[in-house]
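So the structure is just underneath, and the comments pick up after that.
Index from 1, following the sequence.
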Amino acid sequence: MQGFNKYYPPDYDGEKHKSLNAYRGKHALGDRARKLDKGILITRFELPFNIWCGTCNNHIGMGVRYNAEKKKVGMYYSTPIYSFRCKCHLCDGWFEIQTDPKNTRYVVVSGARQKDEEWNPEENGGFAIHDTENNSATTDPLTALEKSTDAHKHLTNVQIPRLESLQDLSDHYNNDPYARSAVVRKHFRAEKKVEAAKRADDDRIKGRYGLPETLKLLEDSDAARNEAREEWERGRRQLEAQSSIRKARLSSSAGPNPAVSLRERVLGNVYNSKLVEKRVRKLGVR
């Protein structure tokens, strides 16, 4: 049974040594990292194809595994190019194989030669799989212009909006959640204070004028004031029109005013009495 317990010596200090590997002066990968200072990592490598060793000229089949020295030798855009240096198990010769990201394959660099077993699809009525170079010497200018126009349209209508959406999505997930939450909570608190002040003003107005509590008041704004003023002016004009129509109807249906007619009769009687007195005085004098 494998033991999972670890022995910590008496002079081991966790803050000083950090780990048992650092205490013993060893790397976590063990003997595989003996050349790590040169950028070389010992890894298990399996041959991707059949080769002939360049030193002993023996055939080595695909799938044979070696403890290869792996190191980074270059870059193809953002893809690293790795080199695997292996020692032949049939002799003391070394051979080196590198990755080819451009054509998605492995390439023998030195010390061996690859067995050519590739099937050419063009010779059998197919299409080229690794056609990375443009072999056409002459190109139609109109075709090139059409391709460039289509590429520009695709860039403008598809690629740029897609990149912007991906950037927005990345910003959404990579932003600080605490800062975003603080901004949202600050906005909510400000809105809550405004709503509370408006609710208190509405309750005070309802209590002053005895309005029902379920009545919803409009917000105090210039548009609401102008609309209320126009509505009040319209109602006042309608009330004045109705009152004038009512007075005209009453005056036409009631006939002559009795107070005015009584005053006229009284004045007429006084005038007649004065005329009688004058006539009597004239007769007495004669």
Side-chain angles (χ1 to χ4, degrees), residues 28-29 33 36-49 62 68-85 96-110 114 116-196 198 218-219 221-224:
L29 296 178
L36 200 61
D37 56 341
K38 302 177 182 179
I40 298 174
L41 177 66
I42 307 300
T43 183
R44 198 70 172 165
F45 179 72
E46 181 177 335
L47 289 181
F49 38 68
M62 178 178 60
E69 297 179 355
K70 176 183 176 182
K71 64 179 179 179
K72 181 179 176 182
V73 294
M75 295 287 294
Y76 177 74
Y77 293 101
S78 60
T79 304
I81 300 175
Y82 292 106
S83 170
F84 299 92
R85 186 169 179 267
E96 184 176 353
I97 299 176
Q98 287 185 4
T99 59
D100 186 9
K102 181 178 180 180
N103 299 312
T104 62
R105 57 184 299 177
Y106 289 91
V107 179
V108 178
V109 177
S110 63
Q114 178 183 355
D116 189 8
E117 295 178 334
E118 294 185 354
W119 178 75
N120 190 357
E122 292 183 343
E123 296 178 356
N124 297 274
F127 296 94
I129 298 176
H130 301 292
D131 187 10
T132 58
E133 300 293 337
N134 187 9
N135 298 323
S136 59
T138 59
T139 306
D140 187 5
L142 294 178
T143 304
L145 179 61
E146 183 179 359
K147 288 184 178 180
S148 62
T149 305
D150 294 340
H152 181 70
K153 289 182 179 179
H154 182 72
L155 175 66
T156 306
N157 300 330
V158 178
Q159 294 182 355
I160 292 179
R162 178 58 178 166
L163 290 175
E164 290 177 353
S165 63
L166 291 176
Q167 184 65 36
D168 295 339
L169 184 64
S170 177
D171 294 340
H172 172 72
Y173 285 108
N174 293 329
N175 283 338
D176 187 8
Y178 177 78
R180 294 176 62 88
S181 177
V183 172
V184 173
R185 285 186 283 110
K186 183 179 180 181
H187 180 67
F188 284 165
R189 283 195 297 268
E191 287 187 350
K192 188 180 292 185
K193 290 181 180 179
V194 173
E195 291 293 334
K198 182 178 178 299
L218 294 177
E219 295 184 0
S221 61
D222 296 338

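- Between the CG atom in Leu166 and the CD atom in Gln159 there is a gap of 11.5 Å [rounded to 0.5 Å].
- Residues forming a side-chain hydrogen bond (donor to acceptor under 3.5 Å, both in side chains) with Ser165 (at least two apart in sequence, or on another chain): none.
- Nearest heavy-atom pair, Met75 versus Pro80, reported as atom, atom and distance to 0.1 Å: SD-CA, 3.5 Å.
- For Arg44, the CZ atom is densely surrounded, since the number of other residues' heavy atoms within 6.0 Å is greater than 12.
- Separating the CZ atom in Phe188 from the NZ atom in Lys193 is a distance of 15.0 Å, to the nearest 0.5 Å.
- Gly39 approaches Lys71 most closely through the heavy-atom pair O-CB, 3.4 Å.
- With rounding to the nearest 0.5 angstrom, the CD atom of Glu69 is 9.0 Å from the OG atom of Ser83.
- For the pair Thr99/Phe84, a side-chain contact is recorded, criterion being any heavy-atom separation below 4.5 Å from C-beta on.
- A distance of 8.5 Å separates CG in Leu155 from CG in Leu163, rounded to the nearest 0.5 Å.
- For the pair Lys70 and Tyr82, the cation sits on the ring face: its NZ or CZ lies under 6.0 Å from the ring centre, inside 45° of the axis.
- Within the 4.5 Å cutoff, no side-chain heavy atoms of Ile81 are placed close to those of Asp100.
- In this structure, Tyr106 and Gln114 approach most closely via the heavy-atom pair O-OE1, 4.5 Å.
- A 4.5 Å side-chain heavy-atom check between Val73 and Gln98 finds at least one atom pair inside the cut-off.
- Rounded to the nearest 0.5 Å, atoms CD1 (Ile40) and CZ (Arg85) are 8.0 Å apart.
- The closest side-chain heavy-atom distance from Lys153 to Thr149 is below 4.5 Å.
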